[in-house]
Amino acid sequence: MSETKPDYRATLNLPDTPFPMRGDLPKREPGWVKDWEDQGLYKKLRDARCNAPKFVLHDGPPYANGQIHMGHAVNKILKDMIVKARQLKGLDAGYIPGWDCHGLPIENAIEKKYGRNLPRDEMQAKSRAFATEQIAIQMADFKRLGVLGDWDHPYRTMDFSNEADEIRAFKRVMERGFVYRGLKPVYWCFDCGSSLAEFEIEYADKKSQTVDVAFKADEPARVAAAFGLPALAKDAFAVIWTTTAWTLPANQALNLNPTLDYALVDTERGLLILAASLVESCLQRYHLQGGTVLATVKGEKLGGLNFQHPLYDVDAGYRRLSPVYLADYATADDGTGIVHSSPAYGLDDFNSCVAHGLGYDDILNPVQANGAYAADFPLFGGLHIWKAVPQIIETLKGAHRLLATATISHSYPHCWRHKTPVIYRAAAQWFIRMDEGEGVFTKDKAPKTLRQLALDAIEQTGFFPENGKARLRDMIAGRPDWCISRQRSWGVPLPLFLHQETGELHPRTPEILDMAAAIVEKGGIEAWSKTAPEAVIGAEDAQRYTKSTDILEVWFDSGTTHTTVLKGSHRGAGHESGPEADLYLEGHDQHRGWFHSSLLTACAMYGRAPYKALLTHGFTVDSQGRKMSKSLGNGVDPQETSKKLGAEIIRLWVAASDYSGDIAGDDKILARVVDAYRRIRNTLRFLLANTSDFDIATDAVPPDQLLEIDRYALSRAAQFQAEVLAHFEVYEFHPVVAKLQVYCSEDLGAFYLDILKDRLYTTAPKSLARRSAQTALWHITQAMLRWMAPFLSFTAEEAWKLAGRSESIFFETYTAFDAPDEALLAKWSRLREIRDQVNKDIEALRAAGQVGSSLQANVALQAGPDDHALLASLGDDLKFVFITSAIDLIAGNDLQIRTSASSSVKCERCWHYRDDVGSDPAHPTLCGRCTSNLFGAGEDRKFA
């Protein structure tokens with residue numbers, strides 16, 4: 001009866017771990033989200049860091065309307081990664097998610113469902129309920145992405161306390177001298193039925209019909225005298241060019257530049273007044289031949305001349321004159337050098353006419369809120385302005401005042417919600433003043449203008465990326481006054497009372513604002529809507545004053561959350577970090593949005609920015625660079641991607657992308673991210689498996705007793721961690737992901753772990769050689785989990801259940817490595833270079849079919865003095881570094897490598913090819929070191 005052959009494989013320390021190779025993320029991630037919620041992880045993290053220095057990333061609130069898209073996911077994941085990275089740094093890094101709740105999109109949604117004529121308080125109540133539903137939907141999606149935050153206590157701009165504090169913020173801005181009421185052209189959207197702020201405007205191409213229109217001189221003798229002529233032989237006309245024919249019916253003046261030369265040109269259509277430099281191009285446009293310039297004068301000579309409205313003889317309603325005002329904004333860049341002025345529909349026109357004495361009450365403003373002319377407006381009453389343009393042109397043609405018309409495509413302001421063209425329209429609105437001027441109820445006047453304060457604050461702010469600074473500075477430098485009033489229902493009220501005759505504010509306005517805030521704090525904006533004027537200002541004053549129905553525009557809502565939230569509703573919730581938040585983070589479009597409104601309100605209230613730094617990210621685009629959109633069908637849906645691949649893949653994609661530009665994603669890009677995830681996960685699995693029987697408390701090898709390559713691996717990990725933390729410090733993640741993949745594949749997989757396998761598997765389980773390796777691996781695992789945790793949060797937490805000793809990885813701080821040993825790093829860096837060259841020679845042998853693995857190769861290595869000393873310092877352990885069975889080291893002048901197939905026998909257990917295989921008759925298939933490791937004192941390993 002033959003003896004059973006020994007199973008030497010069973011004597012190897014083969015790795016084992018419950019950490020699966022497949023993450024099975026879509027199925028398992030919801031469980032981790034639930035675990036975090038059930039255990040109250042966020043609250044425990046706050047308690048654990050309660051005395052630590054704070055880091056505040058203030059959440060720019062997404063709008064509470066509709067399911068989240070990939071842009072939302074990118075934004076929230078970036079914020080989450082930054083907060084977690086700061087948490088792991090040891091800071092008290094809280095995250096209070098927020099929502100923007102008031103405003104037109106919700107009001108539109110309610111109108112679509114219930115109609116346009118709901119009572120104000122009913123519209124507000126239905127809007128509040130709608131926003132609440134939307135927040136619940138979005139919150140579930142954000143949690144699913146692995147975002148840790150105070151989801152039980154988010155901030156909402158519609159919370160009563162926030163609405164009340166917003167009124168108080170408005171009062172503070174008023175006290176500082178920045179608030180005034182004025183009639184001024186503001187952007188107006190017909191679809192919104194309201195004024196718009198500069199932030200709510202985007203530019204897109206629009207087709208317009210240009211017109212060149214002649215205004216007949218009302219005083220020919222004065223025109224002749226201005227040009228130095230005794231008399232005029234023909235009718236004279238000032239010719240204007242405009243792209244907005246719809247404004248012509250409301251024309252009230254003409255503007256000429258005082259320093260430009262203007263020519264009086266004799267043509268078959270009469271005497272035309274044109275900018276001298278444009279005469280030739282204008283006559284070509286009018287198809288007029290042989291025009292003769294009779295005289296030329298500076299524009300200043302023509303100021304005060306009167307011309308007849310071009311429809312003067314068509315309808316009595318236009319029997320008025322258009323005086324010439326001198327203004328620098330009339331240029332000879334294009335057109336005719338003469339600008340027609342409808343002060344209700346252009347800011348420059350408005351300023352010019354008012355400066356020349358036109359009273360507010362005399363300004364013609366026939367265009368209604370819905371875009372139609374007033375019903376009683378002559379000739380065009382009831383017509384929408386866009387539809388009226390052809391009729392206006394035909395009427396001008398019939399009056400012999402049209403010289404030319406053409407269709408052009410030009411950049412034009414559009415509403416960023418409706419994507420429809422907007423106009424300038426004069427309306428009595430409330431403004432925040434950017435420059436010098438008087439405000440209402442000023443009692444604590446700011447020392448500088450708001451523009452100066454904001455520009456100064458920008459200089460004190462950090463920008464990531466840096467180019468955001470110039471962008472924000474340019475916007476602030478050139479922006480007009482901020483129109484903060486809206487003619488809607490769903491928003492924080494401007495709780496003001498205006499005198500019915502004078503339009504003046506009630507003298508008790510500051511007190512009224514305090515009363516309104518107190519009412520809203522108890523019952524929300526609905527309570528103010530239901531409050532009768534008599535209850536606030538008394539019955540007598542209620543007869544003389546009108547309660548304003550305007551609301552504060554939504555950018556004032558979100559723009560004051562530095563006060564309403566950080567100093568209000570969530571003061572005491574981990575948000576007191578001094579006067580400013582550490583960071584605001586949003587898409588780069590928020591230079592004209594939330595960053596902008598927050599800067600202006602904070603500077604108006606406190607004279608400083610509400611943030612220490614601004615970080616901007618790009619839009620999500622497809623692989624062709626097109627912005628993701630439903631209409632193009634090129635979007636990547638976060639909900640579907642989470643179900644299919646796992647939210648962890650979205651997180652890794654975000655982390656791996658350079659967010660300073662647009663962020664490209666599609667199925668192919670995500671497939672590459674999946675491959676990267678698998679590489680990292682497999683490395684982590686190896687680390688966990690090979691430390692599964694290791695207890696750092698009882699099995700650790702002291703640093704001075706570690707094998708040299710283990711000390712090198714820890715030095716390399718320390719060096720790598722310094723790079724990672726430097727990137728985290730400036731909010732960079734994509735270099736970390738790229739470097740981590742290289743670290744896993746090259747530093748670990750292709751070098752250190754490759755070399756380590758023999759020692760881990762073949763030496764005695766508790767030997768110094770194996771425990772040294774495990775000590776290094778344990779520290780590397782601990783460090784790597786912390787590096788990963790900000791972006792691969794689910795995976796790090798999953799692994800932490802096996803490798804950690806606390807409830808969550810996020811209670812930890814980054815590993816405290818000793819300083820890297822630079823000499824050791826340099827030595828092993830050179831060894832790796834030589835090893836790479838040796839591997840190329842071995843690979844050539846393998847390709848030729850002479851060897852199977854590198855262990856079958858013998859290497860003769862000739863080296864120059866420095867390299868020889870370096871290689872010789874490893875003694876007999878050198879062969880383990882090169883993963884060969886034997887190395888013959890030869891002194892020489894330079895590096896030369898010769899490889900050949902070994903003629904020795906292969907050890908059944910360790911697979912090395914050695915001459916001493918069978919030296920122990922009891923174990924004829926084992927080499928000497930295996931018998932020693934199994935049955936003797938064990939081999940002596942010092943270096944590798």
Side-chain angles (χ1 to χ4, degrees), residues 103-104 107 116 120 170 174 178-201 244 246-247 249-253 341-355 358-377 381 384-386 413-418 420-434 437 439-440 479-505 546-556:
L104 192 64
E107 198 166 334
R116 293 182 66 95
R120 190 179 188 87
F170 171 73
M174 181 182 281
F178 295 116
V179 174
Y180 73 96
R181 186 172 188 257
L183 180 74
K184 184 183 286 191
V186 294
Y187 285 120
W188 190 275
C189 174
F190 303 136
D191 293 296
C192 295
S194 179
S195 57
L196 299 183
E198 194 83 14
F199 321 128
E200 298 168 300
I201 296 300
T244 56
W246 63 268
T247 61
N251 171 272
Q252 291 185 270
S341 183
S342 293
Y345 307 121
L347 200 54
D348 289 328
D349 296 354
F350 178 87
N351 291 335
S352 173
C353 287
V354 171
L358 187 67
Y360 287 168
D361 292 341
D362 296 323
I363 291 175
L364 296 175
N365 191 5
V367 180
Q368 305 302 289
N370 63 357
Y373 294 112
D376 59 352
F377 191 60
H384 194 283
I385 61 169
W386 305 133
H414 286 64
C415 171
W416 78 344
R417 291 187 188 91
H418 293 101
T420 51
V422 300
I423 66 166
Y424 266 115
R425 179 174 178 266
Q429 302 284 355
W430 290 97
F431 294 89
I432 291 179
R433 191 186 302 280
M434 293 299 297
V440 292
R479 66 151 297 125
D481 290 351
W482 179 8
C483 176
I484 57 169
S485 52
R486 292 292 180 273
Q487 292 68 52
R488 304 296 299 190
S489 299
W490 176 230
V492 174
L494 275 159
L496 305 169
F497 288 85
L498 299 166
H499 196 281
Q500 293 171 1
E501 294 180 3
T502 67
E504 295 296 317
L505 284 174
T546 300
K547 183 183 178 185
S548 171
T549 58
D550 284 355
I551 63 169
L552 283 159
E553 72 132 334
V554 73
W555 288 110
F556 196 89

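Position 1 is the first residue of the sequence; numbering continues from there.
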Visitor: As an exercise, state the distance from CH2 of W430 to CG of L494, rounded to the nearest 0.5 Å.
Guide: 7.5 Å

Visitor: Let me know which of D362, L358, L183 forms a side-chain contact (heavy atoms from CB on, under 4.5 Å) with P343.
Guide: L358

Visitor: So which atom in L104 and which in H418 form the shortest heavy-atom distance, rounded to 0.1 Å?
Guide: CD2-CE1, 3.6 Å

Visitor: Give a yes or no on this: more than 12 heavy atoms of other residues, nucleotides or ligands lie within 6.0 Å of atom CD of E501.
Guide: no

Visitor: Verify side chain to side chain contact (heavy atoms under 4.5 Å, CB included) between W482 and F431, making sure each step is shown before the conclusion.
Guide: CA-CA 5 Å; W482 179 8; F431 294 89; over 6 Å; no

Visitor: Looking only at non-hydrogen atoms, find the nearest pair between R181 and A428 and report the distance.
Guide: NH2-CB, 3.6 Å

Visitor: Counting distance only, does the side-chain N/O of Q368 pair as donor-acceptor with the main-chain N or O of P366 below 3.5 Å?
Guide: yes

Visitor: For a quick test of reading the model, state the closest non-hydrogen atom pair linking T546 to Q500 and the distance between them.
Guide: OG1-CG, 3.2 Å

Visitor: Determine whether a donor-acceptor pair (N or O, by modelled atom type, separation under 3.5 Å) exists between the side chain of R488 and the backbone of E107.
Guide: no

Visitor: Does the S342 side chain pair with the main chain of T247, one donor and one acceptor, at a distance under 3.5 Å?
Guide: yes

Visitor: Go through the structure and list residues passing side-chain contact (heavy atoms from CB on, under 4.5 Å) with T549, not counting sequence neighbours.
Guide: R120

Visitor: What distance do I551 atom CD1 and R486 atom CZ have between them, rounded to the nearest 0.5 Å?
Guide: 8.0 Å

Visitor: If you look at every heavy atom in S195 and Q487, which pair is closest and at what distance?
Guide: N-OE1, 3.6 Å

Visitor: Could you give me the CA-CA distance, side-chain angles and deciding distance for C483 and E553, then say whether side chain to side chain contact (heavy atoms under 4.5 Å, CB included) is met?
Guide: CA-CA 8 Å; C483 176; E553 72 132 334; over 6 Å; no

Visitor: Can you check side chain to side chain donor-acceptor pair (under 3.5 Å) on D481 and Y180, steps first, answer last?
Guide: CA-CA 10 Å; D481 290 351; Y180 73 96; 2.5 Å; yes

Visitor: If the condition is ring-ring contact (aromatic ring centres under 6.0 Å, His included), which residues does F170 pass it with, not counting sequence neighbours?
Guide: none

Visitor: Looking at D550 and S548, what are the two nearest heavy atoms and their distance?
Guide: N-OG, 3.1 Å

Visitor: So, taking the atom named SG in C189 and the one named CD in E200, what distance separates them when rounded to the nearest 0.5 Å?
Guide: 9.5 Å

Visitor: Look at the aromatic rings of F377 and Y373 and report parallel, tilted or perpendicular, splitting at 30° and 60°.
Guide: parallel

Visitor: I need the I201 CD1 to L196 CG distance, nearest 0.5 Å.
Guide: 5.0 Å

Visitor: Work out which heavy atom in R425 is nearest to a heavy atom in N365; give both atom names and the distance.
Guide: CG-OD1, 4.0 Å

Visitor: Set out, in order, the CA-CA distance, both residues' side-chain angles and the distance that settles side chain to side chain contact (heavy atoms under 4.5 Å, CB included) for Y345 and T244, then state yes or no.
Guide: CA-CA 10 Å; Y345 307 121; T244 56; over 6 Å; no

Visitor: Examine distances only and state if a side-chain atom of N251 and a backbone atom of A253 form a donor-acceptor pair shorter than 3.5 Å.
Guide: yes

Visitor: Going through the checks in order, is the side chain to side chain contact (heavy atoms under 4.5 Å, CB included) test met by V354 and K184?
Guide: CA-CA 10 Å; V354 171; K184 184 183 286 191; over 6 Å; no

Visitor: Rounded to the nearest 0.5 Å, how far apart are CZ of F350 and OG of S341?
Guide: 10.5 Å

Visitor: Is any side-chain heavy atom of Y424 less than 4.5 Å from a side-chain heavy atom of D349?
Guide: no

Visitor: Which value, rounded to the nearest 0.5 Å, describes the distance between F190 atom CZ and W386 atom CH2?
Guide: 5.5 Å

